[in-house]
Every structure is written in structure tokens, then in C-alpha cells.
> 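Handing you this structure, nothing more for now.
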Number of protein chains: 2
Amino acid sequence: MARRRESDRWRIKPRTKLDLSRIDTRSTAGAPGDKQQTKDASAVLRARLAQLQARLYAEGEQSLLLVLQAMDAGGKDGTVRSVFAGVNPQGVRVVSFKAPSQEELAHDFLWRIHAQAPHHGEIAVFNRSHYEDVLVVRVHSLVPEEIWRPRYQRIRAFEDLLTVANTKIVKVMLHISKEEQRERLQERVDDPVKRWKFNAGDLEERRYWDDYQAAFTEAIARTTTHACPWYVVPGDRNWYRDWAVLTILVDTLERMDPRFPAAAEGVVGTIVE
Amino acid sequence: MARRRESDRWRIKPRTKLDLSRIDTRSTAGAPGDKQQTKDASAVLRARLAQLQARLYAEGEQSLLLVLQAMDAGGKDGTVRSVFAGVNPQGVRVVSFKAPSQEELAHDFLWRIHAQAPHHGEIAVFNRSHYEDVLVVRVHSLVPEEIWRPRYQRIRAFEDLLTVANTKIVKVMLHISKEEQRERLQERVDDPVKRWKFNAGDLEERRYWDDYQAAFTEAIARTTTHACPWYVVPGDRNWYRDWAVLTILVDTLERMDPRFPAAAEGVVGTIVE
């Protein structure tokens with residue numbers, strides 16, 4: 001048996017009866033201390049992440065895909081900035097999936113996703129992903145249920161395809177409360193520096209809160225697997241959320257155990273002239 | 001007239017008679033102090049770069065393309081890591097151009113490059129670029145001169161196309177000495193952690209040093225323009241090189257002057273419920 005990891009705290013095991021309303025969005029369970037102590041611990045994890053990324057890149061045989069999903073204002077952008085600032089951008093690629101284009105809609109829903117899969121040695125971060133096709137698409141009935149419901153199985157098959165090609169997939173839901181979302185949207189209205197992020201459509205979407213929670217619950221329950229787990233991270237406190245995501249990534253990369261490749265034959269002892 | 005900027009020190013003006021052998025690769029001219037003081041200045045520039053990147057992203061109307069070229073072991077990877085670690089990876093995309101694939105060779109030489117152009121709000125970094133098509137291609141006669149020579153003009157036309165679509169292009173040659181390259185390649189042989197980067201082909205390429213210097217000289221002289229300048233940065237000392245590239249980027253972004261967009265009508269005063 002693999003030994004227990006800190007990140008198991010947030011992992012959703014297959015066949016768990018998931019109830020998002022019972023996961024405290026303000027939790028700081030397991031944090032190494034108060035806010036400042038946790039930030040200090042995150043700085044250590046960030047340095048460790050940078051080391052592991054350098055090895056992954058040098059090895060060039062495995063890749064890591066982090067899927068980030070959340071309600072609007074759930075902290076996806078802030079997480080990317082906080083977790084990956086400090087990692088060599090040459091080895092990390094962030095892909096933000098927006099509403100699909102006409103060209104993308106003229107293909108299967110995984111076509112644009114597959115095209116962005118990480119190559120060996122690379123970390124890819126999906127800010128939104130194929131899960132939107134069972135979240136917003138379901139909530140607004142953009143396609144009928146007989147189309148979106150079989151997507152859980154199609155997603156599992158797709159993720160399995162990547163997994164056997166040495167891509168480790170970890171999926172994280174940043175879980176905030178409805179009140180926290182209200183405060184953050186209000187801040188976007190009130191703060192001139194954040195106002196550009198405000199989108200009147202977010203207020204409309206906020207009315208569908210319960211439908212989104214139901215869609216998240218089923219999506220996570222049906223697609224969390226041993227190989228491609230979902231993690232639900234309490235997201236109301238940014239410093240806890242950042243530490244949790246860093247912990248998940250470091251635990252995952254340590255298990256992947258990338259190594260600097262051995263020297264090719266004849267290299268050792270070469271004299272450069 | 002635009003006021004003189006610190007980065008003008010390394011800028012190659014159009015119609016300059018360029019002689020790379022007269023540019024001291026160990027220069028520290030203009031550095032704000034000794035090694036440690038320069039590193040401290042770079043930390044300040046890095047924070048400024050992060051601020052400017054956040055504005056560029058929020059504004060979403062202009063983009064920045066940094067083209068990095070150098071001899072083998074010239075420090076391209078190290079520059080990317082040092083300059084951009086700390087910037088939000090969501091707004092920076094690093095593209096490493098390798099030897100072209102069969103599919104890429106079946107198109108014009110700018111096809112694969114064009115596909116990677118930054119979108120508005122984004123910074124793209126090209127680690128090698130279309131300039132390889134007048135460098136390695138010329139040195140090894142991979143295509144005849146009547147094909148590669150007209151590429152200077154084609155590159156200017158391509159870069160003009162991007163420029164008028166609000167992409168600012170800056171091109172940097174990291175300029176090292178032949179002796180510095182020897183030391184760095186030897187280090188790759190001797191240091192187990194760096195050995196994975198060693199490529200026996202680099203020893204072969206090293207024999208063409210003078211041909212590459214000639215090819216760089218003509219490429220730079222023929223494609224440096226007021227709008228899309230080349231900078232030749234002394235690269236033997238990493239700390240000076242990083243500071244210089246940071247200075248060039250910050251100067252460039254300050255001139256681009258990205259702004260947080262104004263609020264859409266009716267947003268101010270909205271109450272989120």
C-alpha cells in the first residue's frame with residue numbers, strides 16, 4: 001500500500017457519497033499553523049515544486065496535468081498565480097478554456113481539450129476544462145441530457161488514454177461558499193483594480209448556485225478514480241487554498257518521482273575544445 | 001523624440017555597422033553596482049515586470065513577443081527561468097522551437113511561428129524562433145542561398161504584420177564568447193545535474209562558430225528596425241544578462257503603457273445579492 005499523504009485529506013475516493021454542503025469552505029484543517037506560518041510553509045513547498053518541475057522537464061518521460069474548476073470568483077486565477085509563480089515558465093503551460101468557438105463546437109467536446117494535453121516533461125494547468133461540458137452545459141441545458149450524461153464515461157476514457165501515456169492527471173475543485181462568492185463579486189465591483197474582472201453575467205449565473213453544486217457533485221463523484229483523482233479544496237481562505245494545492249502537487253510529483261536522466265554513452269570524460 | 005532609456009545601451013539601431021567581435025561579452029556596463037547589487041536591482045525589476053504584465057493582461061489590447069536567440073549554451077533557458085519566474089504563468093507562454101517536423105517542413109518557414117504568436121494581453125517568449133531559418137539553415141546550407149537570403153525581407157514583413165496588430169516584438173541575442181561556451185559545455189559534461197542538457201551535436205556545431213557569428217551579424221543588421229529592435233546583450237555573466245533583459249522588458253512595457261480598462265457602463269454601484 002502507498003503510504004498516506006497529506007493531500008489525501010482533500011481527495012475524493014471512488015464510490016464516496018459526496019455531499020459538498022458538508023465540506024466546510026472555511027476549513028483550515030491540517031494547516032501547519034496560522035496564516036503566516038501556513039504562508040511560510042507554502043514558500044517551502046513552492047521551492048520544492050520548482051525542484052520537482054526541473055526534474056520532470058529534464059527526465060522528459062512523464063507529464064502532469066492539473067485541472068482547476070470552481071464556481072465564478074472561486075479563485076482559479078489567484079491559485080495559478082500563487083502556486084506557479086516561481087516555477088520555470090518554460091515547463092508550465094496554462095490554458096484557459098473560454099466558451100467554445102464555432103470551430104470548436106463543430107467537433108466533439110474533447111477535441112480542443114486533447115489538443116492542449118501536456119507533452120512529456122511538461123506541466124499543463126487547465127483553468128476550466130472539459131468538465132465545463134458537464135457543468136455549465138448541464139445547468140443551462142446547452143445540449144440534451146442524453147448527450148451530456150454519457151460524457152462522464154467519455155471523460156473517464158479520455159483521461160485513461162492520457163494516463164497510460166504517462167500523463168498524471170489531478171483535478172481540483174476550489175470550493176467556496178455562496179456568501180464568499182457574493183463578497184468577491186462585490187469586491188470586483190468596488191475595487192477599481194479588480195473591476196475589469198467583473199462580468200454582469202456572473203450575477204445571472206449566481207442564481208443557478210444550487211444547480212451548479214449538484215452538477216459539480218455528480219461530475220466529481222462519477223469521474224474521480226484512483227488514477228485520476230478529484231480533490232475538493234476549501235477555498236474561502238486563499239492562504240489555506242494555496243497551501244493545499246501546493247501540497248497536492250508536491251505529493252503527486254513526489255509519487256511520480258522524476259529523475260535526471262543518465263548520461264548517454266561516452267559523454268562522461270569528454271573534453272570540450 | 002522619445003526620451004533615452006537604459007535599454008538603449010544594447011539596442012542595435014537600423015543601419016548600424018554591426019561588429020559582434022567588438023561587443024565585450026563580459027561587459028557589465030551600466031550595471032547598478034556589483035554582482036549582489038545588480039541582483040537586488042533585478043529583484044525590483046522582476047516585481048515591476050509582474051505589475052506591468054498584470055496590466056497588460058487586464059487591458060487585453062496589446063501583446064509582447066520576446067524572441068531569444070543565442071549560440072548553444074548561450075543562456076536562453078536560464079534567462080527564461082530567471083526573468084519570468086515570479087510573473088503569473090497564466091499571462092506568459094514560452095515556446096521552444098526545435099528542429100522542424102516533417103509537417104512543419106511541408107509549409108513555409110513562418111507557418112509554425114505564426115501559429116504561436118501571442119494573443120492580446122499575453123506575453124510570448126520564443127526560445128529560438130524564425131531566426132533559425134537564417135542561422136542554422138544558412139550555416140549548414142539546408143536550403144540554397146536564393147531561398148534563405150530573401151527571408152530577411154520576409155521576416156520584416158511578418159514582424160510588421162504582427163506589429164500593426166498591436167504586438168510589440170523585441171529580439172534579444174545573448175552574446176557569449178567562444179571560451180565561455182567551451183566552459184559551459186564542459187560543465188554540462190562534468191556536472192551530473194546538468195549532463196542531461198549535453199548534446200554531442202553541440203561539439204560539432206562549435207566548429208562553425210565563425211560562420212554562426214557572421215550569420216547572426218547579418219540577420220540582426222538586416223532585421224533590426226525602429227519598431228522591432230534587436231538588442232545584443234553581453235551574456236558571459238548571468239547576473240548582468242538577467243538584469244539587462246529585465247531592463248529591456250520593463251522599458252518596453254512602460255512604453256506600451258497598458259492600463260486597467262475602465263468599468264463597463266452601469267457596473268459602478270452594483271450591489272451583489
Side-chain angles (χ1 to χ4, degrees), chain A residues 50 54-55 57-60 73 76-96 123 125 127 181-190 192-200 202-203 206-207 259-273, chain B residues 50 54-55 57-60 73 76-96 123 125 127 181-190 192-200 202-203 206-207 259-273:
Chain A
R55 283 184 189 212
Y57 187 84
E59 182 192 66
K76 298 183 296 297
D77 293 345
T79 301
V80 170
R81 185 175 60 239
S82 170
V83 167
F84 290 101
V87 175
N88 186 347
Q90 188 148 298
V92 177
R93 187 162 47 84
V94 183
V95 187
S96 297
I123 298 176
V125 182
N127 185 337
Q181 188 193 52
R182 190 195 64 71
E183 289 175 22
R184 292 184 185 187
L185 291 177
Q186 189 66 60
E187 209 181 332
R188 288 185 184 177
V189 169
D190 297 341
V193 167
K194 295 187 174 173
R195 202 170 284 148
W196 66 277
K197 292 198 84 171
F198 181 77
N199 176 354
D202 292 350
L203 298 185
R206 185 168 155 73
R207 299 198 200 170
R259 314 258 179 129
F260 287 107
E265 190 129 6
V267 169
V268 178
T270 298
I271 303 296
V272 180
E273 281 162 11
Chain B
R55 283 183 189 215
Y57 187 84
E59 182 192 65
K76 297 184 298 299
D77 294 343
T79 300
V80 171
R81 187 174 57 239
S82 170
V83 167
F84 290 100
V87 175
N88 187 348
Q90 187 148 297
V92 178
R93 187 162 45 86
V94 183
V95 187
S96 297
I123 298 176
V125 182
N127 184 336
Q181 186 193 56
R182 191 196 63 71
E183 289 175 22
R184 293 184 184 189
L185 291 177
Q186 189 67 60
E187 209 180 333
R188 289 185 182 176
V189 169
D190 297 341
V193 166
K194 295 187 174 173
R195 201 170 286 147
W196 66 278
K197 293 199 83 171
F198 182 77
N199 176 352
D202 292 350
L203 298 186
R206 186 168 155 73
R207 299 197 200 170
R259 313 260 178 127
F260 286 108
E265 190 128 6
V267 169
V268 179
T270 298
I271 303 296
V272 180
E273 282 163 7

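By convention in this document, chain letters (A, B, ...) are assigned in the order of the sequence lines, proteins followed by strands, and residues within each chain are numbered from 1.
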> At a 4.5 Å cut-off on heavy atoms, which part of B:Glu273 comes close to chain A: side chain, backbone, both, or neither?
backbone

> With a 4.5 angstrom heavy-atom cut-off, which part of B:Leu185 approaches chain A: side chain, backbone, both or neither?
both

> By a 4.5 Å heavy-atom criterion (distance strictly below it), what part of B:Ala58 contacts chain A: side chain, backbone, both, or neither?
both

> Side chain, backbone, both or neither: which part of B:Val125 has a heavy atom under 4.5 Å from chain A?
neither

> Under 4.5 Å from any heavy atom of chain A, what part of B:Asp77 do you find: side chain, backbone, both or neither?
both

> Pick whichever of A:Arg188, A:Arg182, A:Glu59 has the most heavy-atom pairs under 4.5 Å with chain B.
A:Arg182

> Name the member of A:Thr270, A:Val87, A:Asp202 that forms the most heavy-atom pairs with chain B at distances under 4.5 Å.
A:Thr270

> Mind ranking B:Gly86, B:Gly60, B:Ser82, B:Pro261 by heavy-atom pairs under 4.5 Å with chain A and telling me who comes out on top?
B:Gly86

> So what's closer than 4.5 Å to chain A heavy atoms on B:Arg206: side chain, backbone, both or neither?
side chain

> Under 4.5 Å from any heavy atom of chain A, what part of B:Arg195 do you find: side chain, backbone, both or neither?
side chain

> Does any backbone or side-chain atom of B:Ser96 lie under 4.5 Å from a heavy atom of chain A? Answer side chain, backbone, both or neither.
side chain

> Given that the side chain runs from C-beta out, which part of A:Val95 has a heavy atom under 4.5 Å from chain B: side chain, backbone, both or neither?
neither

> Show the nearest heavy-atom pair for residues B:Val94 and A:Gln90, with the distance to one decimal.
CG1-OE1, 3.5 Å

> Between B:Pro89, B:Ala264, B:Gly269, B:Ala262, which shows the greatest number of heavy-atom pairs under 4.5 Å with chain A?
B:Pro89

> Give, as side chain, backbone, both or neither, the part of B:Phe198 having an atom under 4.5 angstrom from any heavy atom of chain A.
side chain

> How many angstroms lie between NZ in A:Lys197 and CZ in B:Phe260, if you round to the nearest 0.5 Å?
11.0 Å

> Relative to chain B, which segment of A:Ala200 carries a heavy atom at a distance below 4.5 Å: side chain, backbone, both, or neither?
neither

